[in-house]
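What follows is a short report on a single structure.
Only this structure's heavy atoms are used, side chains among them; waters, hydrogens and symmetry mates stay out. Since this is a predicted model, take the numbers as computed values, not measurements.
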Amino acid sequence: MSGGDTAAHVMEDFFGVVQILSDGTVFRGDEAALQPPATYPDVPGVEWKDVLYHAAHGLRARVYRPSSSAAGSGKLPVLVYFHGGGYCLGSFAQPMFHTFCLRAAAELPAVVLSVQYRLAPEHRLPAAIDDGADFLSWLRAQAELAATGGADPWLAESADYKRTFISGASAGANLAHHVTVQVASGQLAVHPLRVAGYVLLSAFFGSAERTVAEVDPPADVSLTVDMSDQLWHMSLPVGASRDHPVANPFGPDSPSLTAVDLPPALVVVPGSDVLRDHVRGYAAKLKDMGKTVEVVEFDGEQHGFSVLQPFGEAANELLRVLRRFVCTGHSD
């Protein structure tokens with residue numbers, strides 16, 4: 001039998017960047033091919049470093065803080081940030097996510113913690129959500145150690161754990177929702193941390209039923225319906241539909257959130273996003289349950305605009321909205 005008869009072949013291909021072979025092997029190419037050509041100027045006045053939070057999985061988080069906070073200028077709110085990429089792509093170290101976190105640390109100001117998590121299809125969901133929960137457990141331990149001098153010195157000096165906010169972009173926003181629910185429902189103990197709010201930027205949600213925006217997409221989208229479908233197909237458990245509870249928080253098999261005491265939410269909806277109806281529907285359902293939800297729409301902006309154009313006017317306005325939410329608990 002020739003070698004060609006037994007060679008593995010490509011079963012799934014996401015733009016050559018993620019390929020699943022017939023023998024289960026995953027091949028990864030250069031993600032730069034999917035990212036817009038851009039330069040990312042430095043943001044002065046912010047220092048950052050990487051810390052290991054999960055040794056067994058080799059997972060790190062990048063800690064950002066304003067340089068002035070090192071001089072004892074007072075404790076700052078903590079913004080936990082999960083990067084995007086459809087659960088299959090992305091890295092906390094990529095320039096676009098790094099730049100957003102630099103800006104957030106400088107302009108809120110805040111201690112920003114940008115979290116690495118395992119990616120699908122090598123690690124299918126809920127692996128990433130488990131990692132998010134593990135990170136919050138690590139952060140809780142840091143808060144406990146702060147009183148004894150055993151915590152990371154940057155966090156001990158600068159972090160106000162009573163003002164912790166969980167946030168993310170795209171898949172990271174989906175992840176932020178799920179770990180926030182775990183905290184609010186008592187599944188994940190985080191005391192002495194207090195989750196004061198959560199922020200969903202261009203959230204990556206789905207459902208088996210198509211929305212209006214998916215049937216008739218806006219022009220020039222950064223994320224197409226086909227791309228969204230394929231990312232869910234590669235990241236959800238094998239055989240799961242887009243009504244899986246990770247993709248659809250209000251699907252037929254999803255746990256009810258009615259009795260969950262969720263913290264205030266800031267939900268950011270890009271107007272030119274094929275997923276906008278999912279995000280609007282998410283906010284509307286929470287409001288119907290009596291939850292505190294702030295919805296901010298950015299007309300004409302694309303999915304992921306906060307990192308695709310991190311110095312654009314929309315990103316500037318988003319940082320102002322985020323600052324008001326983090327500092328006052330609402331975005332008005």
Would you compute the distance between atom [atom1] of [X] and atom [atom2] of [Y] and round it to the nearest 0.5 angstrom?
| X | Y | atom1 | atom2 | answer |
| --- | --- | --- | --- | --- |
| L113 | W154 | CG | CH2 | 11.0 Å |
| L318 | F100 | CG | CZ | 5.5 Å |
| R320 | N316 | CZ | CG | 6.0 Å |
| F305 | E313 | CZ | CD | 12.0 Å |
| D50 | F92 | CG | CZ | 4.5 Å |
| T292 | L266 | OG1 | CG | 12.5 Å |

Using the rule that two of Ile, Leu, Val, Met, Phe, Trp, Tyr join whenever any of their side-chain heavy atoms come within less than 4.5 Å, decide whether [X] and [Y] are in one cluster.
| X | Y | result |
| --- | --- | --- |
| V260 | M289 | yes |
| M234 | L21 | no |
| V190 | L145 | no |
| V18 | L223 | yes |
| F311 | L322 | yes |

Trace of the side chain to side chain contact (heavy atoms under 4.5 Å, CB included) decision for Q182 with I129: CA-CA 10 Å; Q182 288 189 31; I129 297 168; 3.5 Å; yes

Using 30° and 60° as the class limits, which term best fits the ring planes of [X] and [Y]: parallel, tilted or perpendicular?
| X | Y | answer |
| --- | --- | --- |
| F97 | Y81 | tilted |
| H98 | W48 | perpendicular |
| Y198 | Y282 | perpendicular |

Tell me whether [X] is salt-bridged to [Y], with the criterion being a basic N under 4.0 Å from an acidic carboxylate O.
| X | Y | result |
| --- | --- | --- |
| D229 | R210 | yes |
| D134 | R118 | no |
| R280 | D277 | yes |

Using modelled atom types and a 3.5 Å cut-off, is there a donor and acceptor pairing between side-chain atoms of [X] and backbone atoms of [Y]?
| X | Y | answer |
| --- | --- | --- |
| K285 | P249 | no |
| S202 | A169 | no |
| D243 | G251 | no |
| Q309 | A314 | no |
| R276 | G271 | yes |
| R60 | Y53 | no |
| R194 | R163 | no |
| E31 | V17 | no |
| S228 | G206 | no |
| D160 | K162 | yes |

Do [X] and [Y] come close enough that some side-chain heavy atom pair is under 4.5 Å?
| X | Y | value |
| --- | --- | --- |
| F204 | L275 | yes |
| L34 | M227 | no |
| T224 | V274 | no |
| Y40 | P310 | yes |
| H178 | P126 | no |
| R65 | E47 | yes |
| L89 | F15 | no |
| E294 | V321 | no |

Working for side chain to side chain contact (heavy atoms under 4.5 Å, CB included), residues F205 and L200: CA-CA 11 Å; F205 292 130; L200 307 188; 4.1 Å; yes

Which pair of heavy atoms, one from [X] and one from [Y], lies closest together, and at what distance?
| X | Y | value |
| --- | --- | --- |
| N248 | S254 | O-OG, 2.6 Å |
| A110 | P66 | O-CD, 3.5 Å |
| Q230 | D13 | NE2-O, 2.9 Å |
| M96 | V307 | CB-O, 3.4 Å |
| K291 | T258 | NZ-O, 2.9 Å |
| A171 | G86 | CB-N, 3.6 Å |

Criterion side chain to side chain contact (heavy atoms under 4.5 Å, CB included) on F325 and V296, from CA distance to verdict: CA-CA 11 Å; F325 183 76; V296 181; over 6 Å; no

More than 12 heavy atoms from other groups under 6.0 Å of CG on D261: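 Counting other residues, nucleotides and ligands, CG of D261 stays at 12 neighbours or fewer.
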
Enclosure of H233 NE2 (heavy-atom neighbours >12, cutoff 6.0 Å): no

Audit row: W232, L125, side chain to side chain contact (heavy atoms under 4.5 Å, CB included) steps and yes/no: CA-CA 10 Å; W232 281 126; L125 291 162; 4.0 Å; yes

We want to know whether [X] and [Y] form a side-chain donor-acceptor pair, criterion being a heavy-atom distance below 3.5 angstrom.
| X | Y | value |
| --- | --- | --- |
| H54 | Q116 | no |
| T25 | D23 | yes |
| S185 | Q187 | yes |

Partner of Y64 under side-chain contact (heavy atoms from CB on, under 4.5 Å), chosen from V112, L79, V111, V43: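 Single side-chain contact (heavy atoms from CB on, under 4.5 Å) partner of Y64 among V112, L79, V111, V43: V112.
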
Member of T164, L262, V195 meeting the side-chain contact (heavy atoms from CB on, under 4.5 Å) criterion with V183: V195

Check: Y117 ring centre within less than 6.0 Å of H83 ring centre: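 Ring centroids of Y117 and H83 are less than 6.0 Å from each other.
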
